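Working notes, structure below.
Computed from a prediction, not measured in an experiment: that's the story for all the values here.
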Amino acid sequence: MKGFANALAYIRGRGIVRADIAVQDGKIVKISPPSHSVEPLAKTGDFLLTAGFIDEHIHGAGGADSMDGGQGALSVISQTLVKEGTTSFLATTMTQSQNAIMAALSAIANFNRGRGARILGAHIEGPFISPKYTGAQSAEYIVKPSAEYFSALQKAAGGAIKMVTLAPEEDGGEMLIRLLKEEGITVSAGHSGATVDQIEAAEKCGLSCITHTFNAQSPLHHRQAGVVGAALLNDGLYCEVIADAVHVSVPALKLLIKSKPADKLILITDAMRAKGAEEGVSELGGQTVYVKDGQARLKDGSLAGSVLKMNVAVKNLVEKCGAPVEYALDCASYNPACNLGLQEEYGSIRCGAVADFTLLDGKFNVVMTVVGGEVVYIAG
């Protein structure tokens, strides 16, 4: 069998160890002490082999965006992401017209991966959000949470919607959360002005996550703790975070790490089309974006998504925040898999899991990416 011989691998529950990892038909079939009984897919040397990264919240990369509504754009994103070690992602839509969102979802549902990262489904961020916390979303197309509206989107997606970001405090929010929960869809609070009580009530209905914690939500205040306070207080809620040290400062990242259980923090990039492209003028949701010094901003200076790479997010947790390497790797792989209910197939190196791997050097640069047992990227 093919696989990795004498690889230095992060195996959850065992730590970083030397092992032979056998792969067959796109799955991990055996993990054993080094015996050189495996035919190497590629040499790993002293580089670190880990489970492939999962980005549950990403809009675009390489000059393309999920809202472009075509296979070509999705292919560009997919092939760009493997360069940063991401093997699976949720193509994320924005608050636009219903027809525009439906066109994007139809393309996502019919995506043919090729040699890039796989699309696990769609994450719709909006249009069920608060007009008070739009961030870089378009206020023109915001609507109240609606089962009928969502059903139309899910029909266009062919059932591919796996995650929804909404403002639970808006009229109809709790009713829609219950419906989504019944359908097995992950529900996250974002672009929201909810109180702690409203988040707790929404959690009882099926809410399980906070979208890009600290950003575009009611802040922590000593008289009203807001969405941020609920995120920090509630051990049961997963928390996404954009760990670029721009959207969230290093002290705030450290506070989040200190406050949350180890299995509840999720690294996302929330990246837009300018990631992997040259700096200058770009676009997000019909709005002009200016990209400079690794930051994407609207004309008024508001942050507009990011150009963060997932391997850099992992690096930042370790080098800027002092997090253990194993912890940071789980935040980019195992934890998002759990949030989406996919931990049996993705997010860790274990027998029976899909053979998705990322090989990292000592500076967290991506050396190689493997998707379904196939080497899809080798650094030049």
Check your understanding: How about I142 and Q137: do any of their side-chain heavy atoms sit closer than 4.5 Å?
Key -> no

Check your understanding: Residues two or more places apart in sequence or in another chain: which of them pass salt bridge (charged side-chain N to carboxylate O under 4.0 Å, His left out) with D65?
Key -> none

Check your understanding: With distance as the sole test, does R18 use its side chain to make a donor-acceptor pair with the main-chain N or O of N6 at under 3.5 Å?
Key -> yes

Exercise for review: First locate atom CD1 of I257, then atom OG of S259, and finally report the distance between them rounded to the nearest 0.5 Å.
Suggested key: 10.0 Å

**Study point:** Any donor-acceptor N/O pair, D330 side chain to S333 backbone, under 3.5 Å
**Key:** no

**Study point:** Side-chain donor-acceptor contact under 3.5 Å, Q71 with N110
**Key:** no

Exercise for review: Answer yes or no: are there more than 12 heavy-atom neighbours, outside K132 itself, under 6.0 Å from its atom NZ?
Suggested key: no

Practice item. Measure the CG-CD distance between L166 and E125 for me, rounded to the nearest 0.5 Å. Key: 11.0 Å

Check your understanding: Quick one: which of E170, Q198, E169 gives a side chain to side chain donor-acceptor pair (under 3.5 Å) with S192?
Key -> E169

Check your understanding: How long is the gap from CG on L90 to CD1 on I124, to the nearest 0.5 Å?
Key -> 11.5 Å

Practice item. Begin with the C-alpha distance, continue with both residues' side-chain angles, and end with the deciding distance and a verdict on salt bridge (Lys or Arg N to Asp or Glu O under 4.0 Å) for E326 and R12. Key: CA-CA 8 Å; E326 298 91 338; R12 197 169 187 278; over 6 Å; no

**Study point:** Between H57 and H212, ring centroids under 6.0 Å
**Key:** yes

Study note, to complete from the structure: To the nearest 0.5 Å, atom CD1 of I21 lies from atom CG of L41 at 10.5 Å

Point to revise | Sidechain-backbone polar pair: T213 side chain, C239 backbone, donor-acceptor under 3.5 Å | key: no

Exercise for review: Report yes or no: does N311 contribute a side-chain atom to a donor-acceptor pair with the main-chain N or O of N365 at less than 3.5 Å?
Suggested key: no

Practice item. Ignoring hydrogens and angles, tell me if any N or O in the side chain of H191 forms a donor-acceptor pair with the backbone of Y133 under 3.5 Å. Key: yes

Check your understanding: So, T211 and S188: side-chain donor and acceptor under 3.5 Å apart, yes or no?
Key -> yes

Review point. Can you check whether F128 and Y149 have ring centres sitting under 6.0 Å from each other?
Key: yes

**Study point:** Same apolar cluster: I378 and L360, side chain cutoff 4.5 Å
**Key:** no

Study note, to complete from the structure: To the nearest 0.5 Å, atom OG of S306 lies from atom CD1 of I58 at 8.0 Å

Review point. So how far is it from R118 CZ to L81 CG, rounded to the nearest 0.5 Å?
Key: 12.5 Å

Check your understanding: Less than 6.0 Å separating the ring centroids of F89 and F53?
Key -> no

Practice item. For Q154, enumerate each residue passing the side-chain contact (heavy atoms from CB on, under 4.5 Å) test, keeping only those at least two apart in sequence or located in another chain. Key: F150, A157, I161, E183, I185

